[in-house]
A.B. asks: 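I am attaching a structure below and will ask some questions about it afterwards.
Position 1 is the first residue of the sequence; numbering continues from there.
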Amino acid sequence: LINIMTDSSTAEAAVVLTSRIPLPDSERCALLITLNRPHKKNCFNTEVCHKLAQIFHNVAEEVQGYDSNCNNDDDGSNNNEE
C-alpha cells in the first residue's frame, strides 16, 4: 500500500492508507482506502475523519470533469434524464 497521508514529522503509523489500482482497459485507476486502526477496530475518530476528508477533497479535484465524459454513451443517448 502507498501511504499518501504520511506525516514525516511523526514516527506513528498512518491511520489512513491509500493505494491506486489500475483499471483494465482504461487509463484510470481505482483508489483503495484502508483504515489502519486495528487496535480500535477501525473506528472513526477526529483524525481519521480529517484524513478521509482530505483524501476525498484531493480526489474530487483530480477527477473534476470525469463525469461529463462518463455521461456520453456510445449510442448518443443519455440515460440520466428523468
A.B. asks: Which value, rounded to the nearest 0.5 Å, describes the distance between S19 atom OG and L31 atom CG?
C.D. replies: 7.0 Å
A.B. asks: Measuring from atom SG of C29 to atom CD1 of I21, what distance do you get when rounded to the nearest 0.5 angstrom?
C.D. replies: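 Here the rounded value is 8.5 Å.
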A.B. asks: Do I55 and V16 have side chains that approach each other closer than 4.5 Å (heavy atoms only, starting at C-beta)?
C.D. replies: yes
A.B. asks: Using distance alone, with no hydrogens and no angle criterion, decide if E61 and H57 have a side-chain donor and acceptor under 3.5 Å apart.
C.D. replies: yes
A.B. asks: Give, for atom CG of L17 and atom OG1 of T34, the distance between the pair rounded to the nearest 0.5 Å.
C.D. replies: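 That separation rounds to 6.0 Å.
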A.B. asks: What closest approach, in Å, do A13 and N36 show between heavy atoms, and which atom pair accounts for it?
C.D. replies: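 It is CB-ND2, 3.9 Å.
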A.B. asks: If you round to the nearest 0.5 Å, how far is CG of N45 from CZ of R37?
C.D. replies: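 Here the interatomic distance stands at 4.0 Å.
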A.B. asks: Between R20 and E62, is there a salt bridge with N-O shorter than 4.0 Å?
C.D. replies: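 Looking at E62 and R20, the cut-off is met.
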A.B. asks: As an exercise, state the distance from CG of L52 to CD1 of I33, rounded to the nearest 0.5 Å.
C.D. replies: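 If I round to the nearest 0.5 Å, the distance is 6.0 Å.
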